[in-house]
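Structure, as structure tokens:
All figures in this text were calculated on a predicted structure; none of them were measured in a lab.
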There are 2 protein chains.
Amino acid sequence: MSTLTSPKGGSPAPFPMEIQRDSDQPVYTQLADILRQQILAGIFQPGQKLPSEAMLVDTYNVSPMTVRRAINLLAAQGIISTAHGRGTFVKEVQLSNAAFYLQDLKELFNSEGTTVVKLIEARFLPADERVSRKLQIKPGVRAIYIRRLLTVEDQPAFYHRGYLIYDPTRPVVESEFQVTDLKGLFRGSGNPLIKSGELSLEATVLNEEEAGILQVPLHTPGMVLEHTFYDFRDKPVSWGWFVCTNQHLRLYTRVGFEQTYGTRDERIR
Amino acid sequence: MSTLTSPKGGSPAPFPMEIQRDSDQPVYTQLADILRQQILAGIFQPGQKLPSEAMLVDTYNVSPMTVRRAINLLAAQGIISTAHGRGTFVKEVQLSNAAFYLQDLKELFNSEGTTVVKLIEARFLPADERVSRKLQIKPGVRAIYIRRLLTVEDQPAFYHRGYLIYDPTRPVVESEFQVTDLKGLFRGSGNPLIKSGELSLEATVLNEEEAGILQVPLHTPGMVLEHTFYDFRDKPVSWGWFVCTNQHLRLYTRVGFEQTYGTRDERIR
DNA sequence: AAGTGGTCTAGACCACTAT
DNA sequence: TAGTGGTCTAGACCACTTT
């Protein structure tokens, strides 16, 4: 079998360069892996053209559809790009391709055992101008104001404040402020009424109240993650924001080639 | 023809609920749109099961492969999830699904005409402990230190500092600090030598130098976008960081259903 | 055993691009 | 016109889950 030594530090681990018909791994991911390795090895360099799909069909003895799936997979991973009628090309690494994923806050989502959500306050509050605008209710109408503290290993990490629509005909919403586990909190309102949400992330400097709650010095730099959730009638259900120090919110990501092999298939459009 | 009124505010715009065989739009995206609309209309609610693929094949008179593509597309968009042997289910909106995309910094990437990169300084500097660690070179070895200011409509927006490996045998790297347009800057080193990059984003408070350059008050909250790029031998090529105020770096995103259909470019994952 | 998603085939036809 | 990517078919077989 033809192999290729791993490009990473000359480790002797060989990489199969032929389709293993009896493997557990699907043929299309095998082919994607082979092409990715060839790109990594410099056989196909950024900007250059890959073999045509018909060529790949012949070379690897697979059907056109299987070649397409491999190509689509690599395209979805941002490694290559296709141009109708021209060919398939290896992409150059671009900073602008980067994406930061909230789920990468492993500290929060993995260590669920040590993450505790504590309800500080929950009460009715007449909507001021800001709340009335965000929740699309009339000023003065009662909303539910909640304050929560998320602690990781007994250390304050996230301070969450928010307003919920108070609607006696929708008791599900009311149940939200009883949520004390992290999963429920990060699932929006913890019920299937949510159709969409808007999020924004920006830098801030902790004010006195926030610094006190999070037990850090005044004017510590931090991040604010603001969120608004909408129901299936596109009406706001809740508006709130998390405040934290950069000790607890630092987003990481990578561009270019990843060592982990994706499982996704279709390209998002 | 069977139609469904748009779920957005009772607008009379109808949405076709059958496959248009003569349409420009591919069948699989048409089917994905139909299913998405049915979910939005509440016909299939979060947590509930979608019709089986065999059912969809019969209902819409398309081949199994085409149904699969539609399903895969919706799964890649995070709207549904599949469970082998059990079925396909409508997902609930989850905060943790959110992703922030750097390319959404439209301010920077769209207004290229008004965005100017100005080189403030470029000189050799012996690597201190930190630089030696980040660039994996011996302490004292000369690196190129560069400082740049990005202005948007004549207003200071991003302050960029970085270190480049100085290697006379690789003149392409040297050329980087001559980059004065934004595209080149955001393309890593602007050459196809880059294999991957690591990025991190965190909150900060601007120090005296940064506040002076960006012409804002001292201790203004801001963000730091740190980046390290690696070549095809996995050796660091450059290390640097952008500093800006939240006036210029505020990340937005959405979870759940989007209002735009089928115009998105490819995204990673 | 029945139902479900997952993979794969071996073609066909179309649309776009370059020559 | 030739080469390329893009879509689509009508089945087949497999693996997983539930009954």
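No side-chain donor-acceptor contact under 3.5 Å links B/Gln37 to the backbone of B/Ile34. Side chain of A/Gln30 to main chain of A/Gln20: a donor-acceptor pair is present (N/O by atom type, distance under 3.5 Å, no hydrogens or angles). Checking side-chain atoms of B/Thr253 against main-chain N and O of B/Ala99 turns up a donor-acceptor pair under 3.5 Å.
Closest contact between the side chain of B/Arg86 and the listed nucleotides C/dT17, D/dT18, C/dG5 involves D/dT18. Checking D/dG5, C/dC8, D/dT7 against every side-chain atom of A/Val27, the shortest atom distance belongs to C/dC8. Distance from the side chain of A/Pro26 is smallest to C/dT7 among D/dT9, C/dT7, C/dG5. Out of D/dT4, D/dT18, C/dC8, the shortest distance to the side chain of A/Lys49 is found at D/dT4. Distance from the side chain of B/Ser63 is smallest to D/dA10 among C/dT4, D/dT4, D/dA10.
If you take CG of A/Asn72 and C1' of D/dG5, they are 10 Å apart, rounded to a whole angstrom. Distance, A/Asp22 CG to D/dA15 P: 12 Å, rounded to whole Å. One can place CG of A/Leu56 at 14 Å from C1' of D/dG3, the figure rounded to the nearest angstrom. Atom pair A/Leu31:CG and C/dT7:C1' shows a separation of 14 Å (rounding to whole Å applied). In this entry the distance linking CG of A/Asp58 with P of C/dA10 reads 12 Å, nearest Å. Here D/dA15 presents its C1' atom at 11 Å from CG of A/Asp24, a figure rounded to the nearest Å. Here D/dC8 presents its P atom at 15 Å from CD1 of B/Ile71, a figure rounded to the nearest Å. One can place CE of A/Met55 at 12 Å from P of D/dG3, the figure rounded to the nearest angstrom.
Contact annotation: A/Thr66 side-chain N/O to C/dT7 OP1/OP2 distance is not under 4.0 Å. A/Arg69 has no side-chain polar atom (N or O) that falls below the 4.0 Å cut-off from OP1 or OP2 of D/dG5. In terms of phosphate contacts, A/Tyr28 brings a side-chain nitrogen or oxygen within less than 4.0 Å of OP1 or OP2 of C/dT7.
Mapped onto DNA chain C by nearest heavy atom, B/His84 and A/Gly85 fall at different nucleotides, with B/His84 at the one closer to the 5' end. Both A/Met65 and A/Gly87 lie close to DNA chain D; mapped to their nearest nucleotides by heavy-atom distance, the more 5′-ward contact belongs to A/Gly87.
Residues A/Glu198 and A/Tyr230 bring a donor and an acceptor atom of their side chains to less than 3.5 Å of each other.
Using cut-offs of 30° and 60° on the angle between ring planes, the pair B/His227 and B/His160 is tilted.
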